[in-house]
Amino acid sequence: MGMPSKKKYSRQYSLEYLSYGFIQAPNDNQIPMCLICKQTFSNEAMKPSRLRAHLNAMHSDKKDKSLEYFKTLYEQFKKRQTITTMFQKGNAKVVDGLVASYQISQLIAKCSKPHNIAETLILPAVREIISTVMHQDPTEVIKVLPLSDTSVQRRIDEMALDVEEQLVTILRVTQFSLQMDESTLSGNEALLMGYVRYFDKDHKLQEEMLFAEKLHIDTKGISIFATLKTFLDTKHIPFNNIVACATDGAPAMVGRYRGFLAHLKTAVPGIFTVHCVAHRQHLVAKLLGEDLHSSLGTVIRAVNKIKCNSLNDRIFRQLCENNDEQHNRLILHTTVRWLSQGNSLARFAELFDSILQFFETNNDITFCEELKAAKKDAFYLAGIFKKFNEINLKLQGQCVTLIDSKKVILTFIQRLALYRQNILRREFYQFPMLDSVSEEVNIDDINKFSNHLNLLEADMSTRFCDLIQLQVPAWMIDPLKANVLDAEVQIQEELIELQNDDIAHALYNKGGYIQILQRKEMSTLYPHLWQKMRLLILPFPTSYLVECGFSAATNLLTKQRYNLDIAKRGDLRLHLIHLKPDIRSLASKHQSQGSH
């Protein structure tokens with residue numbers, strides 16, 4: 001019977017072997033490898049005497065090197081390029097290039113630029129920066145950036161769908177207010193746009209574009225409602241989540257029986273509706289009276305005679321420069337842009353002497369007399385329309401509430417009464433332009449201006465009666481100092497607790513009641529207060545956001561992009577929305593190929 005075979009012994013690597021210049025072989029950690037010549041040995045050679053002998057015999061110039069020297073060699077070895085690391089780095093570059101293409105496409109949409117700007121400007125700019133500033137070859141970077149015209153378009157559409165889905169997911173379980181309006185684009189296409197206001201999961205007040213849809217035939221109230229209903233049904237958003245809706249005063253929107261709001265109230269009984277406050281203020285501004293309206297017409301004709309003739313415009317500019325005027329151009333008045341009327345009148349009053357000199361030089365004596373007769377009216381109108389512009393700007397902006405709007409409107413109504421009393425006393429401090437010609441103002445002018453201000457005050461009080469009568473509880477404006485006994489019984493205990501909350505005091509000092517309302521723990525700590533307060537904050541007071549949206553749509557539809565389908569393509573949504581697309585998730589759904 002033969003003797004049993006002896007079990008083979010396997011030597012293990014020790015860190016002290018690094019002092020002889022040896023590490024474990026990358027492909028087999030059971031055998032040693034020389035860091036200097038990269039030669040490997042059998043497992044039997046993994047002992048100090050054999051390793052030291054190799055170092056002394058083959059690398060005698062390194063035998064006295066310290067351990068730190070061999071550690072440095074080892075670090076360099078680990079950083080070496082291999083086929084695997086080359087493929088990993090190459091793939092990572094392509095993935096990063098794909099993510100970068102999404103981010104660049106998002107910037108293109110945010111700036112309302114054509115899709116081919118990536119190929120015509122961005123990529124050449126990247127190439128120049130890398131080669132000129134960094135002194136490197138840009139080819140590898142350019143190669144991994146897929147930014148063709150169609151690629152950018154796909155990226156924008158994907159990101160727009162992603163943020164739309166994020167918004168829809170929120171609105172399915174959250175109450176929100178709606179802002180609606182329709183407008184006609186340059187190609188006679190009717191575009192319906194909607195915005196929403198809601199509180200996000202962190203209780204921050206957010207405003208986002210809900211949709212932009214084309215009205216293919218008419219713009220009647222039933223068509224507008226049908227478009228909204230189709231969108232909400234398709235996205236599975238409950239109608240009952242809508243708590244308020246703001247529109248302009250067009251019959252298609254506010255008609256009692258067939259307007260959009262009438263159909264909406266049928267679908268959502270008890271919904272709170274708002275006629276755009278800025279639109280109502282614009283209607284008040286149109287109330288002039290016969291004499292003032294005639295004077296305004298004279299001003300507009302003077303401006304048009306100069307601005308609408310290129311030769312007259314150039315001559316007038318030269319005249320203003322010779323007269324050392326601060327400005328040398330008049331501003332055209334357009335009824336579409338509400339603020340232009342005040343700006344046009346202010347510039348007219350500023351340049352009145354040069355305007356009169358221009359027409360005198362042209363021997364237009366009759367029109368010069370008309371201008372002189374309209375001078376005081378024009379200077380008064382410049383002042384009052386400046387006031388209207390200031391009010392209009394205060395009503396615009398994001399996150400403006402009904403409470404803010406009520407304050408602005410009530411303040412202006414009271415100021416109108418003040419202006420009237422001051423003018424009756426010939427005190428024109430609030431009307432600087434009129435004050436500059438105060439010696440020319442007679443009693444008839446005083447009565448005319450006084451009557452106009454009286455009409456404005458009465459009309460404002462009538463048009464804004466709902467806003468004036470809006471009941472805003474004292475505890476809402478200053479919940480920390482309000483008398484608890486004056487509040488509803490259901491919220492009294494929570495109000496006491498809030499008034500003793502140090503964090504609430506800090507938030508109020510930082511930004512008023514809005515900051516308290518947007519506190520993340522508000523709905524948990526004070527549920528009844530939260531419900532009452534947010535119903536006063538959610539409604540839109542104006543249709544400002546959709547007006548901004550229409551301006552953005554007009555800017556997108558340039559001469560070169562006339563065929564862009566605003567409703568279907570994602571450019572408009574990505575330009576207007578504040579939600580962030582999940583770019584990494586979108587990029588992971590694509591195979592990274594780089595540019596071709």
Side-chain angles (χ1 to χ4, degrees), residues 92-167 183 185-187 189 191 193 208-209 211-214 545 547-596:
K93 280 186 177 180
V94 175
V95 171
D96 290 343
L98 181 61
V99 172
S101 75
Y102 273 95
Q103 293 170 337
I104 293 172
S105 299
Q106 184 181 12
L107 290 174
I108 291 172
K110 287 291 183 185
C111 297
S112 302
K113 297 299 181 183
H115 303 156
N116 64 356
I117 195 174
E119 291 181 301
T120 59
L121 178 61
I122 295 177
L123 286 179
V126 170
R127 186 186 301 275
E128 289 298 323
I129 292 171
I130 294 175
S131 60
T132 305
V133 179
M134 303 176 66
H135 303 288
Q136 295 180 11
D137 184 7
T139 306
E140 291 300 319
V141 175
I142 300 297
K143 192 185 296 183
V144 298
L145 289 174
L147 287 173
S148 66
D149 187 358
T150 53
S151 294
V152 171
Q153 178 178 302
R154 287 196 302 271
R155 306 279 185 265
I156 290 174
D157 290 344
E158 288 176 26
M159 288 186 285
L161 286 174
D162 181 71
V163 293
E164 179 183 339
E165 185 57 35
Q166 291 181 40
L167 179 61
S183 183
L185 302 178
S186 55
E189 297 171 314
L191 184 69
M193 189 175 293
E208 300 288 2
M209 188 191 86
F211 66 83
E213 298 286 346
K214 288 184 179 178
L545 291 177
E547 297 296 340
C548 291
F550 292 138
S551 296
T554 303
N555 292 335
L556 276 172
L557 294 174
T558 59
K559 196 173 186 180
Q560 291 75 20
R561 309 181 72 190
Y562 184 78
N563 292 324
L564 178 67
D565 193 332
I566 286 288
K568 292 183 178 179
R569 297 263 74 95
D571 297 72
L572 183 61
R573 180 178 293 278
L574 209 57
H575 172 74
L576 294 173
I577 205 160
H578 300 97
L579 292 172
K580 304 295 183 184
D582 189 350
I583 291 177
R584 288 284 176 182
S585 176
L586 293 172
S588 67
K589 299 176 183 178
H590 294 271
Q591 182 177 356
S592 306
Q593 296 179 342
S595 61
H596 302 286

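The line from CG of Leu576 to NZ of Lys110 is 8.0 Å long, rounded to the nearest 0.5 Å. For the atom pair Ile117 CD1 and Leu123 CG, the distance stands at 11.0 Å (nearest 0.5 Å). Here Ser588 contributes atom OG and Leu98 contributes atom CG; the two are 9.0 Å apart, rounded to the nearest 0.5 Å. In this structure, the separation between CG on Asp162 and CG on Leu586 is 4.5 Å, given to the nearest 0.5 Å. How far CG of Leu161 is from CD of Gln166: 11.5 Å, rounded to the nearest 0.5 Å. Between the CZ atom of Arg155 and the OG atom of Ser101 there is a distance of 4.0 Å, given to the nearest 0.5 Å.
Arg569 is linked by a salt bridge (Lys or Arg N to Asp or Glu O under 4.0 Å) to Asp157, counting only residues two or more places apart in sequence or in another chain. A search for ring pair (Phe, Tyr, Trp, His ring centres under 6.0 Å) contacts involving Phe550 returns nothing, not counting sequence neighbours.
The two atoms that bring Val141 and Val126 nearest to each other are CG1-CG1, 4.4 Å, heavy atoms only. Nearest heavy-atom pair across Ser151 and Pro146 is CB-O, 3.8 Å. Minimum heavy-atom separation, Leu572 to Ile566: CD2-CG2, 3.4 Å. Arg127 approaches Pro138 most closely through the heavy-atom pair CG-CG, 3.6 Å. Heavy-atom minimum distance, Ile156 versus Ser105: CG1-O, 3.6 Å.
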Self-check item: Chi angles and distances behind the side-chain contact (heavy atoms from CB on, under 4.5 Å) call for Gln106, Ile583
Solution: CA-CA 10 Å; Gln106 184 181 12; Ile583 291 177; 3.6 Å; yes
Quiz item: Run the side-chain contact (heavy atoms from CB on, under 4.5 Å) check on Ile122 and Ile108 step by step: do they pass?
Solution: CA-CA 10 Å; Ile122 295 177; Ile108 291 172; 4.0 Å; yes
Exercise. Apply the test side-chain contact (heavy atoms from CB on, under 4.5 Å) to residues His115 and Asp571: give CA-CA distance (whole Å), side-chain angles for both, the deciding distance (0.1 Å), then the verdict.
Key: CA-CA 10 Å; His115 303 156; Asp571 297 72; 2.7 Å; yes
Self-check item: Residues Leu121, Lys113; criterion side-chain contact (heavy atoms from CB on, under 4.5 Å); working and verdict
Solution: CA-CA 11 Å; Leu121 178 61; Lys113 297 299 181 183; over 6 Å; no
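One N or O on the side chain of Arg573 and one on the backbone of Met209 form a donor-acceptor pair closer than 3.5 Å. A distance-only check finds a donor-acceptor pair linking the side chain of Glu208 to the backbone of His578 [under 3.5 Å].
Counting non-hydrogen atoms of neighbouring residues, nucleotides and ligands closer than 6.0 angstrom, the NZ atom of Lys580 reaches no more than 12 such neighbours.
Taking the side chain as every heavy atom from C-beta outward, Ser183 and Leu191 never approach each other to under 4.5 Å.
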